[in-house]
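The next block holds one structure in the form of structure tokens; read it before the comments.
Please read all numbers here as calculations on a predicted model, not as lab measurements.
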Amino acid sequence: MSDHTRVYRSSFLVCWRWTTGLCAGIALFFHAIALAQGIPQSVPSTITLALGMSLAMAVAVICFPVYVSAEGLPCYNFWGAYSIAPWSTISVVCPTNLFGLRYLRVRSTACSSELWVPLYLSKMSSFVASVREFAGETNPLVLSLAQQVQ
């Protein structure tokens, strides 16, 4: 990547809140089952699950940034594999919600699968400005970001 590549990471706070909610839901589900069957409940295992998931989210925030460069959008697909979508090859951008986490799925003729751009980046306004700067005002990603990010 070029020297002018900018790096954007997901907001740890958003990821942490999402993970905490998920862990709480899982814990409540299993505690309800255990309570109904008279099985002793283990609070330490719930805390361990929450801490483990928080650690996993921290690693994901560090390992899966979104990049913006003059060449295009280097980003990951649903499975975490990175590709670069040159700005001129971006054809369609679709908003999606994955269990409460909002993304833009970016289709490019240069990529075999859609790239997933999180809409909960820690420096979202800077990301939008960078995309606008490099891609131009009429790029489908710029237009979709304008609609999705208020």
Side-chain angles (χ1 to χ4, degrees), residues 1-33 44-150:
M1 284 182 253
S2 74
D3 293 335
H4 298 291
T5 300
R6 298 173 189 160
V7 181
Y8 297 94
R9 299 193 189 286
S10 298
S11 167
F12 179 77
L13 183 59
V14 170
C15 293
W16 181 80
R17 281 192 320 239
W18 183 84
T19 303
T20 301
L22 177 67
C23 289
I26 291 169
L28 285 173
F29 175 75
F30 284 111
H31 282 301
I33 290 173
S45 65
T46 303
I47 293 170
T48 303
L49 173 68
L51 291 175
M53 291 290 288
S54 294
L55 178 62
M57 274 298 169
V59 170
V61 165
I62 293 167
C63 293
F64 292 101
V66 175
Y67 300 94
V68 177
S69 72
E71 291 81 33
L73 178 73
C75 191
Y76 51 86
N77 66 13
F78 181 77
W79 304 107
Y82 276 83
S83 296
I84 184 167
W87 299 118
S88 62
T89 66
I90 294 175
S91 55
V92 178
V93 179
C94 302
T96 192
N97 188 322
L98 184 65
F99 304 113
L101 294 175
R102 295 175 45 230
Y103 292 87
L104 291 177
R105 293 176 313 175
V106 177
R107 293 184 193 148
S108 165
T109 56
C111 301
S112 58
S113 61
E114 296 175 327
L115 302 181
W116 286 59
V117 177
L119 290 174
Y120 51 92
L121 297 172
S122 61
K123 297 180 182 174
M124 197 68 202
S125 59
S126 177
F127 172 76
V128 172
S130 293
V131 171
R132 182 174 284 118
E133 175 187 343
F134 289 125
E137 294 292 329
T138 60
N139 186 281
L141 181 56
V142 172
L143 298 174
S144 190
L145 283 167
Q147 291 177 349
Q148 297 297 319
V149 179
Q150 308 301 334

Legend entry - Exercise: identify the closest heavy-atom pair between Thr89 and Ala110: OG1-CB, 3.9 Å
Legend entry - Distance, nearest 0.5 Å, that separates OG1 of Thr138 from CZ of Arg132: 11.5 Å
Inset, instruction - Decide yes or no for Pro140 and Arg107: does some side-chain heavy atom of the first lie under 4.5 Å from some side-chain heavy atom of the second? - result: no
Legend entry - Side chain to side chain, Thr96 and Trp116, heavy atoms closer than 4.5 Å: yes
Inset, instruction - Quick one: closest heavy-atom pair of Glu137 and Val142, and the distance? - result: O-CG1, 3.8 Å
Inset, instruction - For Trp18, look at atom CH2 and say whether over 12 heavy atoms of other residues, nucleotides or ligands are found less than 6.0 Å away. - result: yes
Legend entry - Min side-chain heavy-atom separation Leu115-Ser108 under 4.5 Å: no
Legend entry - Straight-line distance of Tyr82 OH to Phe64 CZ, nearest 0.5 Å: 6.5 Å
Inset, instruction - State, yes or no, whether a side-chain contact exists between Tyr67 and Ser130 at a heavy-atom distance under 4.5 Å. - result: no
Legend entry - Contacts of Tyr8 that satisfy ring-ring contact (aromatic ring centres under 6.0 Å, His included) - sequence neighbours left out: Phe127
Inset, instruction - Would you confirm whether Arg6, through its side chain, and Ser126, through its main-chain N or O, come within 3.5 Å as a donor-acceptor pair? - result: no
Legend entry - Approximate separation, where rounding is to 0.5 Å, of Ser144 OG and Arg105 CZ: 10.5 Å
Inset, instruction - Check Gly72 against Pro74 and note the closest heavy-atom contact, atom names and distance. - result: O-CD, 3.2 Å
Inset, instruction - Mind checking the CZ-CD spacing from Phe78 to Glu114? Nearest 0.5 Å is all I need. - result: 11.0 Å
Legend entry - Main-chain N/O of Ser69 paired with Trp87 side-chain donor or acceptor, under 3.5 Å: yes
Legend entry - Nearest-0.5 Å distance that lies between atom CD in Glu71 and atom NE2 in His4: 9.5 Å
Inset, instruction - Would you please name every residue forming a salt bridge (Lys or Arg N to Asp or Glu O under 4.0 Å) with Arg9, sequence neighbours left out? - result: none
Inset, instruction - Write down the atom of Ile62, the atom of Pro65, and the distance for their closest heavy-atom approach. - result: O-CD, 3.8 Å
Legend entry - Gap between atom OG of Ser10 and atom CG of Leu119 - 0.5 Å precision: 10.0 Å
Inset, instruction - Please lay out, stage by stage, how Val93 and Asn139 fare under the test side chain to side chain contact (heavy atoms under 4.5 Å, CB included). - result: CA-CA 10 Å; Val93 179; Asn139 186 281; 5.7 Å; no
